[in-house]
Structures are given as structure tokens and as C-alpha cells.
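Below you'll find the structure, written out as C-alpha cells, and then a few comments.
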Amino acid sequence: MNNLIRFLAKKMHWLVFFMLEIMGLFLYLQFNRQQGVVIFSSVNTVVGSFYQVVSSLGNYFNLKEENSLLHDKNVALNFQIAKLREQLQDIQSAANPVEDVLDTTVMSHCSLIKARVINNSLFRKDNFITLDKGEADGVSKEMGVIDSNGVVGVVYMTSEHYSLVLSLLSSRSSINCKVAMTEFFGILKWERESFQYASVYDLPQHSMVEKGDKIVTNGFSIVFPVGMPIGEVESILEGDAGQSCKLKIKLAVDFSNLRDVYVLNMKSDNEKQDLESLAK
């Protein structure tokens, strides 16, 4: 207490000065209304600018949530496109009535597990992606992984809370695919040329492929449903012995900017899987 009294006594002249300044400002504003209006207007301008900055910062941080919602909507649209492609193809080749085709649902045997990419590689021979979801979240080995643009890879290994995905950018990756709206199919392989491109092999020479055609999954495996986007034809090359053609594909997924992905939990056809495993 004594220390406080000594401090106030020592600084008393400053306290008196500030009190007189405040009283002077009050009297000045009291008897000079025009200047008071100018000062208060300036203060309001400063405060308004401050609130505007705070509001802008709030909008910026809200973008994260909005981007996540956009990812979800893009994935839903990709599934709808895949469904419509299959339906249109069935209609064009149609033995079934239109009503029956419209009742089919491509994604009725699949659910999604949303995950976040926490590690990713681009320039190795075999590139892997680490996700923040694992066995506790329903993720298991050999599940397909996509993002809002298309196919990303296949789950290679899992732990309780994490999973490792074999990216399309891997020498071990081999994805069954086809030219959209046709039955011409091939195998997608990555040749380490760039993280933006891959190649499709074993496509028949007579398949009328053109630059810009879409490449999608063909649904032959239990990993991906039919019609999921893979990429777009960049150029067409002649394959082995002139009996097949090779396609250079620009991949739909930007692997240098992966964040939110989705693991496909397919309700597998156990009978089909067991039969095919006997032939291996």
C-alpha cells in the first residue's frame, strides 16, 4: 500500500495533467458543437474501417468451410454424371425399356468416407498419399479413392486412424478404363513423364478415339464404379505391332493440389471376387 502511495505521489503531476487535458477537451466539445461533430465523425470513420477489416477477415476464414462444401457438391455431381452416362449408354444399346433404365442407380452399392490428405508425393517411382482416416473410420485395403475431379488411387495399407493410398502416379498402379460413351477399354499406366499425364494401353486400333475424348473407369473391378472421370485424351499414338493404339491422357486430378478426398466403400460382389481370385 505504501508503495502505491509513493508511486502516485511521484507521478501526481502526470495524473493532474491528463485530468486537465480531459476536462479541457470536454469543455471544448461542450461549447463548440461544430468541432465536436467533426471529431465524432472522424472517430466513426476509423471505427467503421476497423469493423470492415474484421468482417473481411471473418469472410476469409469462412472460405475454408465453403470450399469443403463445394468439394462435396462436385463429388455428388461426378456420381450423377457417371450414372447418367451409364443410363444413356443403356438407352442407346437398349434392350430394356426406358422406365427400367431410369430406375437403375449406379451408386446404390457405394458409400463415401471423406478424408483429408496429410502427406503426398509426386516425383518418386511409386508415389503414395497419406489420409487422416483408417480402419476405425471404415477404410480398408483396396478401396478406391477419388476427389471432386476424378480418380486418385487405391488404398494400399491401413492402420487404425490412417491409411496409405497408392496414387495413380505409381509404376504399380493399373486402372481399368474406357473411352466414355463407348465399350472400348484399356489399362491406365503412369510413365513418370509428369504428374499431369498418364497413358492408356491395349486400346483396339479400330476404336474411333479423338483428342478431347473423356477417359473413365469401366466398372470391371470392384474398386471403382463405371463412369468415374480419369482424364482427357491429349494425343493418340500407335501401339505394339499396329494392332492397338496408345493414348496420352491429361489426368483429371491435380495431384499437386490434393486436400479433400473420398474413399469409396463399395458393397462388393463376393461371388464375383471369389471366382476371379481362383484364376490368379
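This one's a predicted model, so the numbers in the text were calculated from it and none came from an experiment.
- For NZ of K114, the number of neighbouring non-hydrogen atoms (other residues, nucleotides, ligands) closer than 6.0 Å is greater than 12.
- Two different hydrophobic clusters hold M208 and M181 under the rule that ILVMFWY side chains link at heavy-atom gaps under 4.5 Å.
- Between atom CG of residue L237 and atom SG of residue C245 there is a gap of 9.0 Å, rounded to the nearest 0.5 Å.
- With hydrogens and angles ignored, the 3.5 Å screen pairs a side-chain donor or acceptor of S194 with a backbone N or O of Q196.
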Side chain to side chain contact (heavy atoms under 4.5 Å, CB included) evaluation trace for S174 with K189: CA-CA 6 Å; S174 181; K189 291 279 190 179; 3.7 Å; yes
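- Between the T217 side chain and the C177 main chain, no donor and acceptor come within less than 3.5 Å of each other.
- By the side-chain hydrogen bond (donor to acceptor under 3.5 Å, both in side chains) test, N119 pairs with no residue at all, sequence neighbours left out.
- Between M266 and M143, the closest side-chain pair of non-hydrogen atoms is not below 4.5 Å.
- Checking side-chain atoms of D137 against main-chain N and O of V139 turns up no donor-acceptor pair under 3.5 Å.
- D254 contributes atom CG, which lies 13.0 Å from atom CZ of R259 (distance to the nearest 0.5 angstrom).
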Yes or no on side chain to side chain contact (heavy atoms under 4.5 Å, CB included) for V117 and D260, after CA distance, side-chain angles and deciding distance? CA-CA 6 Å; V117 173; D260 294 319; over 6 Å; no
Side chain to side chain contact (heavy atoms under 4.5 Å, CB included) between L122 and L169, intermediate numbers included: CA-CA 7 Å; L122 295 174; L169 310 181; 4.0 Å; yes
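- In terms of hydrophobic clustering, with Ile, Leu, Val, Met, Phe, Trp and Tyr side chains grouped at heavy-atom distances under 4.5 Å, V209 and F184 are assigned to a common cluster.
- I113 and L164 are assigned to two separate hydrophobic clusters, defined by single-linkage of ILVMFWY side chains at heavy-atom distances under 4.5 Å.
- With N120 contributing its side chain and I129 its backbone, the two residues share no donor-acceptor pair below 3.5 Å.
- Among all heavy-atom pairs drawn from W190 and Y197, the shortest one is CD1-O, 3.1 Å.
- Smallest separation of non-hydrogen atoms from A198 and L251: CB-CD2, 3.9 Å.
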With side chain to side chain contact (heavy atoms under 4.5 Å, CB included) as the test, would you mind laying out the steps for L131 and V263 before giving the verdict? CA-CA 10 Å; L131 306 182; V263 182; 4.0 Å; yes
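- Taking each heavy atom of P225 and L264 in turn, the nearest pair found is CD-CD1, 3.8 Å.
- Looking at K214 and E232, a side-chain N of the basic residue comes within less than 4.0 Å of a carboxylate O on the acidic one, giving a salt bridge.
- Going from atom OG of S121 over to atom CG of D126 covers 9.0 Å, rounded to the nearest 0.5 Å.
- To the nearest 0.5 Å, the span separating CD1 on I236 from CD on Q205 amounts to 9.5 Å.
- Around CZ of F255, the count of heavy atoms belonging to other residues, nucleotides or ligands within 6.0 Å exceeds 12.
- A continuous path of Ile, Leu, Val, Met, Phe, Trp and Tyr side chains, each step under 4.5 Å between heavy atoms, connects V155 with L112, placing both in one hydrophobic cluster.
- M228 and L166 fall into different hydrophobic clusters, where Ile, Leu, Val, Met, Phe, Trp and Tyr side chains are chained together by heavy-atom contacts under 4.5 Å.
- Sequence neighbours left out, the pairs with a member in residues 126-171 that pass ring pair (Phe, Tyr, Trp, His ring centres under 6.0 Å) are F128-Y156.
- At distances below 3.5 Å, not a single donor-acceptor pair connects side-chain atoms of N265 with backbone N or O atoms of S111.
- With hydrogens and angles disregarded, a donor-acceptor distance shorter than 3.5 Å links the side chain of S207 to the backbone of P204.
- Nearest heavy atoms, K248 versus E193: NZ-OE2, 3.2 Å.
- In this structure, NZ on K178 lies 15.0 Å from CG on L188, to the nearest 0.5 angstrom.
- Side chain of T182 to backbone of V179: a donor-acceptor contact under 3.5 angstrom is found.
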Which atom pairs, donor and acceptor, lie under 3.5 Å between side-chain atoms of residues 144-153 and protein residues at least two apart or in another chain?
residue, atom, partner, partner atom, Å
D147, OD1, N149, N, 2.7
D147, OD1, G150, N, 3.1
S148, OG, H71, ND1, 3.2

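- Across every non-hydrogen atom of T158 and E135, the tightest pair is OG1-OE2, 2.9 Å.
- To the nearest 0.5 Å, atom CG of residue N176 and atom OG of residue S221 are 5.5 Å apart.
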